[in-house]
Amino acid sequence: MAEQVLAAVRTGPGRTELREFPMPDIPDDGALLKVEVAGICGTDVKMYAKPPFADPVIMGHENIGVIAKAGRTFAERQGVREGDRVFVEHYVGCFQCAWCRAGEYRHCELTDWRTNPDARRFGYTSAENPYHLWGGFAQYMYLPWNSVLHKLPDGLSSELAGLATPMSNGIEWALFAAGVGYDSAVLIQGPGQQGLSQTVACKQAGASLIIVTGTTKDAARLEMARKLGADCVIDVQSEDPLEKIMAVTGGKGVDIVLDCTSGAGTAPVLLGIDALKRREGVLLIQGELAAFPDFPVKKVTEKAITIKSARGHSFRACELAVKQLASGRFPLDLLVTHTFGLSDVDRAIKAIGGTGSDEDVIHVSLHPWEA
Ligand SMILES: [Zn+2]
Ligand SMILES: [Zn+2]
């Protein structure tokens, strides 16, 4: 095994450097992951542009790899062996608090960098912490005892498994948080990897009407939404979205709205509120805006709308995502559009953010063993 590990390190806003770290000595209850694929998402775009703290960070929080080395206790507790291929969740919970005991380690304070400066979370934690290798944009990643792993079936490529995070969010938000199920009418706003994963989750769960919206530059993504099961797609720049939604729902509106847009301001939430059915619709939101001027609280109350927050994924959602990806039931490989090597982290993040030179980008993954 190499003595040095190559990693792409975020050193400031929009700045990445390749650095070498010493190969860590793995304790009995830890392991080392040889990273094969690290997925990139919209959160990386935000964290890269405006890092929440100044310390160097190896980003990469959607990680697939092979257990290269495992301490005896780690292997026993986790039920894994060296050579096993796994999807690693980015949460690193304490497994003592009430959230962890309830299986909701995504809410654990030990993994919440927003409220805990000493939090551990893959892709977010300072590389100055012991073991250094806390993110997937590196050849190897350190796995502490409290890592959460999902074993991958042989038939599922690492490339496709790289979609496990958006797919698990799709299942968590659409099915578990918002309650999409048999015969639901759903509006999914934003046809990026997240919106397209929601489309698959809704289709698999039995939604009878799936409407996906996007902008004019999303033409190829809207086409992909159709291939993955959308019944109706709307370009909100060339058509009146509310009019079209009402037309396809016979004037009733939809049961559930899932906001998967980014950087679109208040418009998607306002459209969602108007597009929901007369009473008791569900609106799933993402916390992009710090403030929402003129929020139509009266309309929300009168329509008896339930607002749910998009907040990561549970263990079960990840297991189901891996199963969904392995099933081959949907042409999800269409989503895997761009892969880059370790020296191209900057370009890869820009590709997802839509600010680089790469076009028709849906899912971007990093292959740390390529230059
Ligand atoms: Zn992500
Ligand atoms: Zn906990």
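We count ligands from 1, going down the list as the structure has it; atoms in each ligand are counted the same way. This is a predicted model, so every value here is computed, not measured.
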May I ask you to decide if the ring planes of Tyr124 and Trp113 are parallel, tilted or perpendicular, using 30° and 60° as cut-offs? parallel

Any N/O/S of Cys94 under 2.8 Å from the Zn ion (ligand 2)? yes

Kindly determine whether Arg106 and Glu89 satisfy salt bridge (charged side-chain N to carboxylate O under 4.0 Å, His left out), including the steps that lead there. CA-CA 9 Å; Arg106 63 185 156 143; Glu89 291 192 41; over 6 Å; no

Can you name the N/O/S atom of His61 that is nearest the Zn ion (ligand 1)? NE2

Aromatic ring proximity, centroids under 6.0 angstrom, Trp145 and Phe74: no

Show your working on side chain to side chain donor-acceptor pair (under 3.5 Å) between Gln237 and Thr216 and close with a plain yes or no. CA-CA 6 Å; Gln237 288 172 314; Thr216 304; 3.0 Å; yes

With the Zn ion (ligand 2) at the centre, find the angle made by SG from Cys97 and SG from Cys100, to 10°. 110°

Of all the N, O or S atoms in Glu62, the one nearest to the Zn ion (ligand 1) is OE2

